[in-house]
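Working notes for the structure below.
All values reported here derive from a predicted model rather than from experimental measurement. In each ligand, atom 1 is the first atom listed, and ligand 1 is the first ligand listed.
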Amino acid sequence: MEPRYPKCLDPKTKPSNFCPGCGYGIILKTLGQVIDEMEVAPRTVFAVDIGCNLLAWNYYKLDTIQTHHGRVTPLCVGYKRANRESVTIGIAGDGGLYAIGLQSFLHAAHRDDPVTIIGVNNTIYAMTGGQLAPTSLLGQVTDTSPQGKFTYEKPVLGPELAKEMASSSAYLARGSILNIPQMKGMLKAAIERQLAGHFAFVEIMSYCPTNWKTDAQQSIETLEKLEETFKVGVINA
Ligand SMILES: Cc1ncc(C[n+]2csc(CCOP(=O)(O)OP(=O)(O)O)c2C)c(N)n1
Ligand code: SF4
């Protein structure tokens with residue numbers, strides 16, 4: 001059997017799978033740095049959902065598993081139960097986590113399953129072309145709400161919602177690619193919390209310039225505006 005790699009980040013660069021200007025690369029690079037700095041790569045398994053996050057399937061030197069849309073949380077829970085020594089990290093988009101996958105996500109938080117889940121919130125279904133998501137804001141123009149979202153006054157606030165059901169030992173936070181050091185600290189805390197035997201979730205606000213139809217400056221400004229609703233910070237320490 002091949003020895004497992006001590007580090008997950010590959011020093012050799014390869015072409016990005018993501019659109020130019022996408023936020024996913026920032027998140028994945030930061031997560032990789034955290035895994036390597038914590039020296040947990042040999043025991044880490046990385047799980048990807050359906051959505052643009054699945055383009056990370058060959059990003060790390062890690063065993064990587066993939067599942068159906070919204071099923072990354074139960075996939076991680078099942079893997080962790082079979083391999084208690086593993087560090088199990090799953091990633092999904094806001095569509096996968098808060099629509100089709102909401103029930104299993106909330107119950108993992110409720111059961112305090114010792115996994116680390118990362119939710120990338122770009123307020124739309126990105127991979128399929130920019131449709132309305134539970135996180136879209138009232139009035140937000142998307143491919144399926146050309147005149148602006150008019151249903152549901154409030155967007156789903158994932159970490160706040162999870163707090164309603166989660167164990168008090170769970171770590172729940174919202175970071176942003178606009179503050180990388182803070183996001184990095186949250187990812188480290190989320191892995192430490194799993195190692196302590198508890199559920200951990202970090203939502204990360206990110207931009208999707210392709211579906212938002214924004215240039216670099218507009219992407220940053222749009223994200224800054226979104227963060228007035230999606231408040232960055234630790235929700236449950
Ligand atoms: C069960 C199921 N329903 C629908 C789809 C189609 N589908 C593929 S990606 C996607 C949306 C992904 O959006 P999100 O989860 O927010 O991730 P993002 O692409 O924004 O990272 C959908 C609906 C699917 N693959 N499987
Ligand atoms: S569609 Fe959006 S989220 Fe997906 S890779 Fe392109 S910019 Fe990134």
Is there any N or O on Tyr24 that sits under 3.5 Å from an N or O of ligand 1?
yes

With a cut-off of 4.0 Å, which atoms of ligand 1 are near a heavy atom of Ile50?
8 (C), 9 (S), 25 (N)

Side-chain donor or acceptor of Asn236 paired with backbone N/O of Ala170 under 3.5 Å
yes

Atoms of the protein (N/O/S only) found under 2.8 Å from atom 6 (Fe) of ligand 2
Cys19 SG

Of all the non-hydrogen atoms in the protein, which one sits nearest to atom 16 (O) of ligand 1, and at what distance?
Gly95 N, 2.8 Å

Which of the ligand 1 atoms, numbered from 1, are nearer than 4.0 Å to a heavy atom of Asn122
20 (O)

For Thr142 and Gln131, does a side-chain donor sit closer than 3.5 Å to a side-chain acceptor?
no

Does a donor on one side chain sit under 3.5 Å from an acceptor on the other, for Glu203 and Tyr98?
yes

With a 4.5 Å limit on heavy-atom distance, are the side chains of Asp94 and Ile124 in contact?
no

Please could you name the atoms of ligand 1 that Ile124 approaches to less than 4.0 Å, counting only its heavy atoms?
16 (O), 20 (O)

Which atoms of ligand 1 sit under 4.0 Å from any heavy atom of Gly96?
14 (P), 15 (O)

Polar atom proximity, Tyr125 to ligand 1 (N or O, under 3.5 Å)
no

Considering residues, nucleotides and ligands other than Lys184, do more than 12 of their heavy atoms fall under 6.0 Å from its NZ?
yes

What part of Thr128, side chain from CB on, backbone N/CA/C/O, both or neither, has a heavy atom under 4.0 Å from ligand 1?
side chain

I want to know if ligand 1 touches Ile100 in the polar sense, i.e. an N/O pair below 3.5 angstrom.
no

So, Lys80 and Gln194: side-chain donor and acceptor under 3.5 Å apart, yes or no?
yes

Flag, side chain of Tyr207 to backbone of Trp212, donor-acceptor distance under 3.5 Å
no

Grab the two heavy atoms, one from Arg84 and one from Pro114, that are nearest each other, plus how far apart they are.
NH2-CG, 4.0 Å

Ligand 1 to Gly51 polar contact by distance, N or O atoms, under 3.5 Å:
no

Can you confirm whether Gln103 is buried at CD, in the sense that more than 12 heavy atoms of other residues, nucleotides or ligands lie under 6.0 Å from that atom?
no

Taking the side chain from Asp63 and the backbone from Thr44, do they hold a donor-acceptor pair closer than 3.5 Å?
no

What is the nearest protein non-hydrogen atom to atom 17 (O) of ligand 1, stated with its residue, atom name and distance?
Gly93 CA, 3.6 Å

In this structure, does ligand 1 have an atom that sits under 4.0 Å from one of the heavy atoms of Val120?
no

Return yes when atom NZ of Lys29 has more than 12 non-hydrogen atoms of other residues, nucleotides or ligands closer than 6.0 Å, and no otherwise.
no

Please examine the side chains of Leu137 and Thr123, heavy atoms only from C-beta on, and report whether any two atoms are closer than 4.5 Å.
no

Could you list the atoms of ligand 1 found under 4.0 angstrom from a heavy atom of Ala126?
13 (O), 18 (P), 19 (O), 20 (O)

Could you check which of Arg71, His69, Met127 puts a non-hydrogen atom nearest to atom 26 (N) of ligand 1?
His69

Just by distance, no angles: are the side chains of Gln140 and Ser145 close enough, under 3.5 Å, to form a donor-acceptor pair?
no

